S.K.: 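The following block contains the structure, expressed as structure tokens.
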2 protein chains.
Amino acid sequence: MSTENTASEFMHIHEEAIEKVREITPPDETLYDLAELFKVFGDSTRIKILYSLFSSELCVYDISQLLGVSQTAVSHQLKILKTNKLVKSRKDGKHVFYSLADDHVYSIINQGIEHINE
Amino acid sequence: MSTENTASEFMHIHEEAIEKVREITPPDETLYDLAELFKVFGDSTRIKILYSLFSSELCVYDISQLLGVSQTAVSHQLKILKTNKLVKSRKDGKHVFYSLADDHVYSIINQGIEHINE
DNA sequence: TTATCATATGAACAGATATTCATATGAAAG
DNA sequence: CTTTCATATGAATATCTGTTCATATGATAA
């Protein structure tokens, strides 16, 4: 085994495996963003908020009461959801109505549900 | 407004909204499991491990070298991935080969990628 | 058997994160 | 204008989580 392909020297498997992995793996920055996105889904309060918005928009207070979580906590979590573009907001007088930003929220959550039901 | 439907008293919106949310929202335990699942995807090391297993099975040491992460860290993360049924393992002498457990891993990650690319 | 290699495990520590509390902003009502 | 209501924000705290270090297990080779 030569020293040309240093990448394969440590491999116990075929070196083609490394090539394939390198080919299909997105850049580190993308993987980091991806992990960040899933981190947002990885909290039960935020999951509950997203579910509450599945059928219609709701204002902060309604979400708070529906979930039995303090207004402050909901507000903090909504900010995280909005920063990550999972929800959008609309102001109406004193109220702020939140709704799902796009269909990816549905599909990601549904894929998760499918995995659980097995 | 009567006191019959206590659920709607706090709502600023129509009370049908509450009904709908209650209808489509899974039980708390499911939501908790769902958050737990996404939490597993919410770490860049684990995401990298999953990507490395997209094309073929790999042993712990190979993953470790490929990602530039310590063997111990990889081992810890593989355990988490296995506990959550995202990877499975096969023993071969001194080596333990890990591979993806099912297609949900692909679809969940791909949905995430799609959301990011917008 | 003994040494070595591959993996796993447990404790410890550092960094991240969700909630709470206090308070600020901002809009409508009186 | 002042009060009240809806929401947002920042600091503090307690909990959780990922990595490291030391070590254990388990299998092959010598």
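Note that the structure is predicted; figures quoted are calculated from it, not measured. Every heavy atom of this structure was used, including side-chain atoms; hydrogens, water molecules and symmetry mates were not.
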S.K.: Within this structure, what is the NE2-to-P distance between B:His95 and C:dA8, rounded to whole angstrom?
M.R.: 11 Å
S.K.: Find the distance B:Ile47:CD1 to D:dG18:P and express it as a whole number of Å.
M.R.: 12 Å
S.K.: Would you check if there is a donor-acceptor pair between the side chains of A:Gln111 and B:Ser107 at a distance under 3.5 Å?
M.R.: yes
S.K.: State whether B:Lys48 and A:Asp28 are salt-bridged, where the test is any N-O pair (Lys NZ or Arg NE/NH1/NH2 against Asp/Glu carboxylate O) under 4.0 Å.
M.R.: yes
S.K.: Does A:Leu37 reach the side chain of A:Leu86, with side-chain heavy atoms less than 4.5 Å apart?
M.R.: yes
S.K.: Calculate the interatomic distance between B:Ile63 atom CD1 and D:dT19 atom C1'; express it in whole Å.
M.R.: 17 Å
S.K.: For the pair made of OH in B:Tyr61 and P in C:dT4, what is the distance, rounded to whole Å?
M.R.: 17 Å
S.K.: Return the residues of residues 67-78 of chain B meeting this criterion: a heavy atom under 4.0 Å from some atom of DNA chain D. Order them by number, or give none.
M.R.: B:Ser70, B:Thr72, B:Ala73, B:His76, B:Gln77
S.K.: In this structure, are over 12 heavy atoms from other groups packed under 6.0 Å from B:Glu118 atom CD?
M.R.: yes
S.K.: Could you tell me the separation between the CZ atom of A:Arg90 and the P atom of D:dT7, rounded to a whole number of Å?
M.R.: 12 Å
S.K.: Return the angle between end axes of the helix from C:dT1-D:dA30 to C:dG30-D:dC1, with five pairs used per end and rounding to 10°.
M.R.: 10°
S.K.: Rounded to whole Å, how long is the line connecting atom CD of B:Glu57 with atom P of C:dT7?
M.R.: 12 Å
S.K.: Salt bridge check: are B:Lys39 and B:Glu36 linked by an N-O gap of less than 4.0 Å?
M.R.: yes
S.K.: Using the closest heavy atom to pick a nucleotide of DNA chain D for each, name whichever of A:Val60 or B:Lys39 lands nearer the 5' end.
M.R.: A:Val60
S.K.: Name the residue closer to the 5' end of DNA chain C, choosing between B:Tyr98 and A:Gly42 according to the nucleotide with the nearest heavy atom.
M.R.: B:Tyr98
S.K.: Looking at D:dT28, D:dA8, C:dA27, which one has an atom nearest to any side-chain atom of A:Lys94?
M.R.: C:dA27
S.K.: Which nucleotide in the list D:dA6, D:dG26, C:dA8 gets nearest to the side chain of B:Lys91?
M.R.: D:dG26
S.K.: Under 30°, 30 to 60°, or over 60°: which ring-plane class applies to B:Phe41 and A:Phe38, parallel, tilted or perpendicular?
M.R.: tilted
S.K.: Between the side chain of B:Arg46 and the main-chain N/O of A:Ala35, is any donor-acceptor distance below 3.5 Å?
M.R.: no
S.K.: Would you kindly give the CD1-to-P distance between A:Ile80 and C:dT17, to the nearest whole Å?
M.R.: 8 Å
S.K.: B:Asp43 has an atom CG; how far is it from atom C1' of C:dT17, in whole Å?
M.R.: 14 Å
S.K.: Check whether the side chains of A:Lys20 and B:Ser56 place a donor and an acceptor atom closer than 3.5 Å, and report yes or no.
M.R.: no
S.K.: Should the ring pair B:Phe54 and B:Tyr106 be called parallel, tilted or perpendicular, given that the plane angle runs from 0 to 90° and is split at 30 and 60?
M.R.: tilted
